[in-house]
Amino acid sequence: MSLFEYAERVAEAQATKEAVEKITNSKPNLTVEEAYEIQKISMEKTMTADNRFIGWKMGLTSIAKQQQVGVDSPIYGRLTSQMNLRTNEIIAAEYIHPRVEAEVAFVFKKELQGADLTPLEVWDAIENVFLALEVIDSRYKNFSFTLPDVIADNASSSKIWLSAQAFSPYTCDWASIEVILKQNGEEKLHGTGAAVLGHPIYSVIELLTMLAKEGRGILPGQLVLTGGITDAIPVKAGDEIEADYGTLGKLTLVVK
Ligand code: 0L1
Ligand code: MG
């Protein structure tokens with residue numbers, strides 16, 4: 001099968017929510033570069049005037065998350081406007097095996113491109129910060145994949161629920177924020193912003209370093225989801241997920 005055909009298979013699984021065999025079952029030598037090409041082709045197929053490209057997500061940015069799925073490096077995915085939830089509700093039946101994790105997201109006001117930028121250079125380009133819940137949903141059977149597989153599947157991206165409140169980048173030390181993730185009122189997980197590559201700003205620097213290899217960067221107005229502060233919790237119909245960010249506020253997601 002060609003990369004284009006694998007991209008069609010992934011795009012169809014994303015649209016139909018029918019789990020598929022991971023690509024490396026039939027192409028064990030799939031490289032990371034080929035996997036990003038599959039991601040690009042499959043995501044560009046879904047982009048229309050009603051489903052615009054809105055930015056990037058970083059995934060597998062914490063040791064906990066890397067261990068949870070058995071890989072050892074961060075990855076990136078593409079975000080589109082239809083991933084951005086309008087209400088804090090999702091319908092479990094519209095997903096294969098959804099999971100939810102707590103993050104922070106940055107919105108950019110300036111274009112940025114290049115490898116190994118400094119926090120000074122990146123903060124200068126950030127307009128504001130949002131609290132975020134990310135819904136991930138691997139399109140592979142049993143949520144099981146290798147690193148190239150998950151890259152091809154757009155880093156399991158599915159939905160994003162952002163806080164109503166936008167924060168100044170200088171509100172607090174984003175590495176020190178604490179998040180408690182609750183499921184139906186019961187505390188399940190907790191973490192700090194430092195879980196995201198030491199500080200979420202380093203996640204953006206890592207993203208830009210990866211994008212620079214392809215001559216890409218971040219444009220004004222684009223969103224970057226920086227990666228899980230906690231592991232991801234599997235969710236089902238009837239669940240209420242709450243992420244408590246302490247004095248910054250809370251986000252809830254209702255699963256119908
Ligand atoms: O956002 C993430 O960290 C998810 C990356 C892909 C791995 C997974 O599906 O858990
Ligand atoms: Mg994530």
Side-chain angles (χ1 to χ4, degrees), residues 1-61 65-66 68-85 90-99 101 134-160 206-219 222-225 227 232 234:
M1 266 172 101
S2 67
L3 297 187
F4 189 81
E5 287 166 315
Y6 282 118
E8 285 197 321
R9 197 214 273 185
V10 169
E12 180 159 336
Q14 289 170 352
T16 61
K17 322 292 183 204
E18 294 277 340
V20 292
E21 294 290 336
K22 62 188 180 209
I23 297 172
T24 53
N25 281 356
S26 54
K27 186 175 169 54
N29 57 353
L30 180 71
T31 66
V32 163
E33 291 73 23
E34 288 171 330
Y36 277 116
E37 189 61 20
I38 293 172
Q39 179 192 121
K40 178 164 121 7
I41 298 168
S42 61
M43 290 308 295
E44 283 178 353
K45 283 166 74 73
T46 73
M47 289 180 207
T48 60
D50 292 336
N51 191 33
R52 293 169 297 104
F53 175 71
I54 58 167
W56 306 94
K57 72 164 267 188
M58 284 290 277
L60 305 179
T61 46
K65 286 241 40 199
Q66 290 176 10
Q68 189 181 33
V69 295
V71 303
D72 60 6
S73 67
I75 59 177
Y76 69 79
R78 290 163 160 81
L79 302 177
T80 65
S81 51
Q82 287 179 8
M83 295 179 185
N84 198 9
L85 290 167
I90 60 167
I91 297 171
E94 294 179 354
Y95 300 80
I96 301 169
H97 28 214
R99 298 179 179 181
E101 59 188 15
E134 186 188 18
V135 182
I136 54 174
D137 192 20
S138 174
R139 269 55 64 157
Y140 299 121
K141 289 181 181 165
N142 305 317
F143 224 110
S144 160
F145 41 72
T146 67
L147 188 67
D149 288 308
V150 68
I151 291 168
D153 184 25
N154 198 29
S156 305
S157 306
S158 190
K159 296 286 180 196
I160 316 154
E206 181 67 30
L207 170 67
L208 285 160
T209 299
M210 290 194 278
L211 293 178
K213 291 183 194 140
E214 301 170 26
R216 295 171 199 274
I218 301 169
L219 296 177
Q222 289 184 348
L223 178 76
V224 173
L225 207 52

- Task: Please round to the nearest 0.5 Å and tell me the distance separating atom OG of Ser156 and atom CD of Glu101.
- Result: 9.0 Å
- Give the minimum heavy-atom separation between Pro98 and Val135, together with the two atoms involved. CB-CG1, 4.1 Å
- Side-chain contact test, heavy atoms from C-beta onward, threshold under 4.5 Å: evaluate it for Leu147 versus Ser73 and give yes or no. yes
- Side-chain heavy atoms of Asp153 within contact of Tyr140, under 4.5 Å: yes
- Message: Looking at Thr80, is its backbone amide N or carbonyl O close enough to the side chain of Asn51 to form a donor-acceptor pair, meaning the two atoms are under 3.5 Å apart?
- Response: no
- Query: Is a side-chain N or O of His97 found less than 3.5 angstrom from the main chain of Pro234, in a donor-acceptor match?
  - Reply: no
- Query: Do Lys22 and Ser144 come within less than 4.5 Å of each other through their side chains, counting heavy atoms only?
  - Reply: yes
- Atom of Glu18, atom of Ala13 and distance for their closest heavy-atom approach: O-CB, 3.5 Å
- Looking at CG of Leu3 and NZ of Lys27, how far apart are the two atoms once the value is rounded to the nearest 0.5 Å? 6.5 Å
- Message: Other residues, nucleotides and ligands only: do more than 12 of their heavy atoms fall within 6.0 Å of CD on Glu5?
- Response: yes
- Message: I'd like to know whether Leu223 forms a side-chain contact (heavy atoms from CB on, under 4.5 Å) with Ile160, so could you lay out the CA-CA distance, the side-chain angles of the two residues, the decisive distance to 0.1 Å, and finally the verdict.
- Response: CA-CA 11 Å; Leu223 178 76; Ile160 316 154; 4.2 Å; yes
- Do any N or O atoms from the side chain of Tyr6 and from the backbone of Ile38 form a donor-acceptor pair under 3.5 angstrom? no
- Pairwise side-chain contact, Ile23 with Val10, heavy-atom cut-off 4.5 Å (strictly under): yes
- Item | Heavy-atom pair of closest approach, residues Gly217 and Gln222 | O-OE1, 4.2 Å
- Message: For the backbone of Gln82 and the side chain of Lys159, can you confirm whether one donor and one acceptor N or O come within less than 3.5 Å of each other?
- Response: yes
- Between Met83 and Ser158, what is the shortest heavy-atom contact and its length? CG-O, 3.3 Å
- Message: With a 4.5 Å cut-off on side-chain heavy atoms, are Met43 and Gln14 touching?
- Response: yes
- Item | Partners passing ring pair (Phe, Tyr, Trp, His ring centres under 6.0 Å) against Tyr76 (at least two apart in sequence or in another chain) | Tyr36, Trp56
- About how many Å separate CD of Glu134 and CE of Met58, when rounded to the nearest 0.5 Å? 12.0 Å
- Message: To the closest 0.5 Å, what do you measure between CZ (Phe53) and OG1 (Thr46)?
- Response: 11.0 Å
- Message: Treating Arg139 as the side-chain partner and Asp137 as the backbone partner, does any N or O pair qualify as donor plus acceptor under 3.5 Å?
- Response: yes
- So do the side chains of Thr146 and Leu30 get within less than 4.5 Å of each other, counting heavy atoms only? no
- Query: Between the side chain of Asn154 and the main-chain N/O of Gly77, is any donor-acceptor distance below 3.5 Å?
  - Reply: no
- Note on the structure: CD of Glu37 to OG of Ser2, rounded to nearest 0.5 Å, is 11.0 Å
- Of all the heavy-atom pairs spanning Ser42 and Ala152, show the shortest one and how long it is. OG-O, 4.1 Å
- Query: Would a 4.5 Å heavy-atom cut-off, applied to side chains only, mark Lys57 and Ile136 as touching?
  - Reply: yes
- All heavy atoms of Ile75 vs all of Ala155, minimum pair found to be CD1-CB, 3.7 Å
- Item | Any Ser138 side-chain heavy atom under 4.5 Å of Ile96 side chain | no
- Taking NZ, NE, NH1 and NH2 as the nitrogens, is one of them in Arg78 or Glu44 under 4.0 Å from a carboxylate oxygen of the other? no
- Query: For the side chain of Thr61 and the backbone of Pro74, is there at least one donor-acceptor N/O pair under 3.5 Å apart?
  - Reply: no
- Do the side chain of Gln39 and the main chain of Ile151 share a donor and acceptor less than 3.5 angstrom apart? yes
